[in-house]
Amino acid sequence: MRAVYRLIYLLHALICLYAVTNPTDAVANSTLLTGPSASAKSADPTKVIHVAFEAADDGFDMVRTNNSLYSSWVGEAIFETLLTYDYLARPAKLVPKTIEAMPEVSKDGLTYVFHIKKGIFFTPDPVFKDIRRELTAQDYIYSIERVLDPKNRSPQASSFEGKIVGLDAAVAEAKKTGRFRYEAAIAGLSAPDRYTLRIQLNALDQTFLYLLANPTTGAVAREVIEAYGADSGRHPIGTGAYFLKEYVPRSKIVLEANPDYRGYIWDFKSSGEAWDNQLIKDMQGKRMPQIGRVEISIIEEEQPRWLAFESGQLDLGELTGSSVAKALDKNVLQRQYIAQGVKLYRFVGAEITHTIFNFKDPVIGGYTNEKIALRRAIAMAYNLDAEITLVRFGQATKAQSEVPPGVAGYDPKYRSSITYDPALANKLLDFFKYRKGGDGYRTMSDGKPLTLKIFSSASSADQARMEIWKRSLNAIGLRAEFPVSNFADNLKAASECKLMMWGLGGTAGIPDGSDFMESFYGPNAGQGNLGCYASAAFDDAYRKARVLPDGPARQVFYTLMERQLEADTAQVLHLSRFRNWVIRPWVKGFKKHPILHADWEYLDIQKH
């Protein structure tokens, strides 16, 4: 046996030597499969956390997902980025994830050098043929290039546009030839050795590091993507704390602790809040992750979600709709829940909700004055106060701008030029000759029938909003239909510019307003820009804002973008929500982060 061990050791040494001398060969840079790492012992398989999503994901290929919150929620637990966020720090603060320390930055601020930790491994998969596949710098190069590969139509592609030296030229070539050459060298993306990543920018960019903390740039193995192809979203293989154990689309997702995960010690510092101090008391010094299994149910209806929490089937959950009134009294937990040890965590989300218009739709789209007038009248007619009162139960505030509170670029003094005014909306439609017929409903200016289609899900909250839309549009003589489908199908159709109108939310992926503005950037049409909106003036301001640091000079362009959206009435801007999370007493360590979603690796379950 000792001879066998010496042979294995010799083979291991030869592979490592080959890896150092051939750093670009990602497949060869592997080590032989050994037993589970010590960190596997920290995750207890008997510690199971039960949670629910209110809508389905659209797969877990993070480059191809259409900005789905629920895909990102799971993806963050599976794929590891170079950087992440301090769990407790507010405002959001970047910290190392798979790198030894924060990157080295050149004096001119254009070159970043990242040193990746050794001994990080992808979860086992048949693609690796019983070889422990180690994470390398080349994996991050490949993962970033995938975002820009035109065939992937990634919603995040515009975030990298013009930023990395040589990358735009590679994208242009791929658009001409139909193939991105991953094997070709790119000056701004290089791996001097197996564990070193060097990125060179074209210009200073304050948001660049945030992009490297987004799950879109989480490391994937090229051989996995090439093996599973279009089905990669159902076979997510990463290096994170959890791996996908079971997946029933639109029904159930089960994650289990990654036995190869290296683990870490829970050692976060308080931001000064009493909540943080209690978390530190409960969690300090524990080896993470503690939870061995995450069971996620897709429960679109608010009532069953709340009943599942009340009955103890869910360990934590967010209050929505009528469950707010059932659980809270003047924004404080009712006594019966306090007696059970339930805790409430409340904050304003870094998010907005809005209804998008499809600018390619023959009825509602276009840039002529009469089409803008139609959209403006629709926006002015919607009774947002009714939604806040009847659907949100007071747990929301009217959004004034596309950029919400809590992210750079938000201006608390900004006020939208579009206000609730049904009387003026009627006059506007009259002026542009959207005349009423004998049935009281308006026609197009040329006399053709006019029917709006506002898409929604079957949830009670969505149907309540559709009732408000119906009453609001009746008040200005517009007929509407309300097709019902699930979130995933609506998202797919919207990404193909096929939905006339659709209401959805936008949540910060990075703590910067560019994350919201890119949803209206023209080149993003069909890949994140779900309304397929295109404005030369908006795009120009967007490009100029991207290269400026946060401050008064950049804010000028943000204001220009906001006003252009209003001038074209590119959306019906709705609200930002107060988020109310209820947590069972056995769940320890919970604090909702404004950017991070997959918080399971920071939690513990203590029922005894």
Side-chain angles (χ1 to χ4, degrees), residues 54-55 67 69 300 302 318-325 328 330-331 345-357 375-376 378-407 409-422 425 454-457 459-473 475 482 487 490 494 501-509 511 513 515-517 519-520 530-531 558 561-562 565-566 569-581 592 594-595:
E54 61 182 276
N67 284 331
L69 166 63
E300 296 189 352
E302 173 271 321
E318 185 181 4
L319 299 176
T320 59
S322 61
S323 63
V324 172
L328 303 185
K330 296 180 181 178
N331 298 327
Y345 187 73
R346 189 169 190 267
F347 65 103
V348 178
E351 60 180 47
I352 54 97
T353 67
H354 58 179
T355 295
I356 58 172
F357 294 111
R375 293 193 297 270
R376 179 68 59 88
I378 293 169
M380 294 171 69
Y382 185 68
N383 190 344
L384 183 61
D385 287 342
E387 178 182 340
I388 292 174
T389 302
L390 302 175
V391 182
R392 308 294 180 180
F393 291 83
Q395 301 300 304
T397 181
K398 177 178 172 56
Q400 295 291 340
S401 68
E402 177 65 17
V403 179
V407 300
Y410 171 69
D411 180 0
K413 296 179 181 179
Y414 186 90
R415 292 295 177 268
S416 174
S417 61
I418 301 176
T419 58
Y420 175 61
D421 194 338
I454 307 178
F455 288 76
S456 68
S457 74
S459 72
S460 57
D462 255 16
Q463 293 313 299
R465 289 196 309 106
M466 294 308 104
E467 186 59 35
I468 294 171
W469 264 118
K470 188 175 188 302
R471 293 198 300 268
S472 297
L473 294 173
F482 304 94
F487 180 84
N490 281 337
M501 294 173 61
W502 183 38
L504 73 163
T507 303
D515 194 42
F516 292 85
M517 289 305 189
S519 295
F520 296 93
L530 300 179
Y558 269 67
M561 286 187 281
E562 297 278 9
L565 293 177
E566 293 164 18
T569 316
Q571 63 176 333
V572 184
L573 188 61
H574 295 315
L575 50 84
S576 294
R577 290 169 283 192
F578 291 101
R579 296 294 194 171
N580 296 282
W581 282 82
K592 204 63 187 172
I595 308 298

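Just so you know, these numbers use all the heavy atoms, side chains as well, and skip hydrogens, waters and symmetry mates. What you are looking at is a predicted structure, and each value in this text was computed from that prediction instead of being measured.
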> How close do Ala399 and Leu573 get, heavy atom to heavy atom, and via which atoms?
Replying inline: O-CD2, 3.6 Å
>> Return the CD to OG1 distance between Gln395 and Thr320, rounded to the nearest 0.5 Å.
In response: 11.0 Å
> Which atom names give the shortest non-hydrogen contact between Val572 and Phe357, and what distance separates them?
Replying inline: CG2-CZ, 3.5 Å
>> When you compare the side chain of Ile378 with that of Met501, does any pair of heavy atoms fall below 4.5 Å?
In response: yes
> Looking only at heavy atoms, what is the nearest atom pair of Ala350 and Val407, with distance?
Replying inline: CB-CG1, 4.1 Å
>> Show, in sequence, the C-alpha distance, side-chain angles and deciding distance for Arg392 and Glu387, and conclude whether the side-chain contact (heavy atoms from CB on, under 4.5 Å) test is met.
In response: CA-CA 6 Å; Arg392 308 294 180 180; Glu387 178 182 340; 3.1 Å; yes
> What is the distance from atom CG of Leu384 to atom OG1 of Thr389, rounded to the nearest 0.5 Å?
Replying inline: 9.0 Å
>> Would Glu318 and Lys592 count as a side-chain contact (heavy atoms from CB on, under 4.5 Å) here? Give the steps.
In response: CA-CA 11 Å; Glu318 185 181 4; Lys592 204 63 187 172; over 6 Å; no
>> Please evaluate residues Ile352 and Phe516 with respect to the criterion side-chain contact (heavy atoms from CB on, under 4.5 Å), reporting the C-alpha separation (whole Å), side-chain torsions for both, the decisive distance (0.1 Å), and the verdict.
In response: CA-CA 9 Å; Ile352 54 97; Phe516 292 85; 4.2 Å; yes
> Under the side-chain contact (heavy atoms from CB on, under 4.5 Å) criterion, do Glu566 and Glu402 qualify, and how do the steps go?
Replying inline: CA-CA 10 Å; Glu566 293 164 18; Glu402 177 65 17; over 6 Å; no
> If only atom types and distance count, is the side chain of Ser576 paired as donor or acceptor with the main-chain N or O of Glu351 below 3.5 Å?
Replying inline: yes
> Do Ser456 and Gln463 have side chains that get closer than 4.5 Å, going by heavy atoms?
Replying inline: yes
> Any idea how His574 and Tyr382 line up, ring-wise: parallel (<30°), tilted (30 to 60°), or perpendicular (>60°)?
Replying inline: tilted
>> Is the shortest side-chain heavy-atom distance between Asn383 and Arg471 below 4.5 Å?
In response: no
> Can you check whether Phe393 reaches Leu319 side chain to side chain, under 4.5 Å on heavy atoms?
Replying inline: no
> Taking everything shown except Lys398 itself, do over 12 heavy atoms lie less than 6.0 Å from its NZ?
Replying inline: yes
> To the nearest 0.5 Å, what is the distance between CE (Met517) and OG (Ser519)?
Replying inline: 10.0 Å
> Any side-chain heavy atom of Leu530 sitting closer than 4.5 Å to one from Trp502?
Replying inline: yes
>> Regarding Gln400 and Asp411, do their side chains bring together a donor and an acceptor under 3.5 Å, going by distance alone?
In response: no
> What is the minimum heavy-atom distance between Ala396 and Ile388, and which atoms define it?
Replying inline: O-CG2, 3.7 Å
> Would you say Trp581 and Phe347 make side-chain contact, with heavy atoms under 4.5 Å?
Replying inline: yes
> Nearest heavy-atom pair of Glu562 and Val403: which atoms, and what distance?
Replying inline: OE2-N, 3.4 Å
> Are any non-hydrogen side-chain atoms of Met561 and Phe520 less than 4.5 angstrom apart?
Replying inline: no
> Nearest 0.5 Å, what's the CD-OG1 distance between Gln571 and Thr353?
Replying inline: 9.5 Å
> Between Phe487 and Glu300, which heavy-atom pair has the shortest distance, and what is it?
Replying inline: N-OE2, 4.5 Å
> Are side-chain heavy atoms of Val348 and Arg579 found at a separation under 4.5 Å?
Replying inline: no
>> Working to the nearest 0.5 angstrom, can you tell me the gap between Leu473 CG and Phe482 CZ?
In response: 6.0 Å
>> Would the distance check show the side chain of Asp462 and the main-chain N or O of Ser457 forming a donor-acceptor pair, the cut-off being under 3.5 Å?
In response: yes
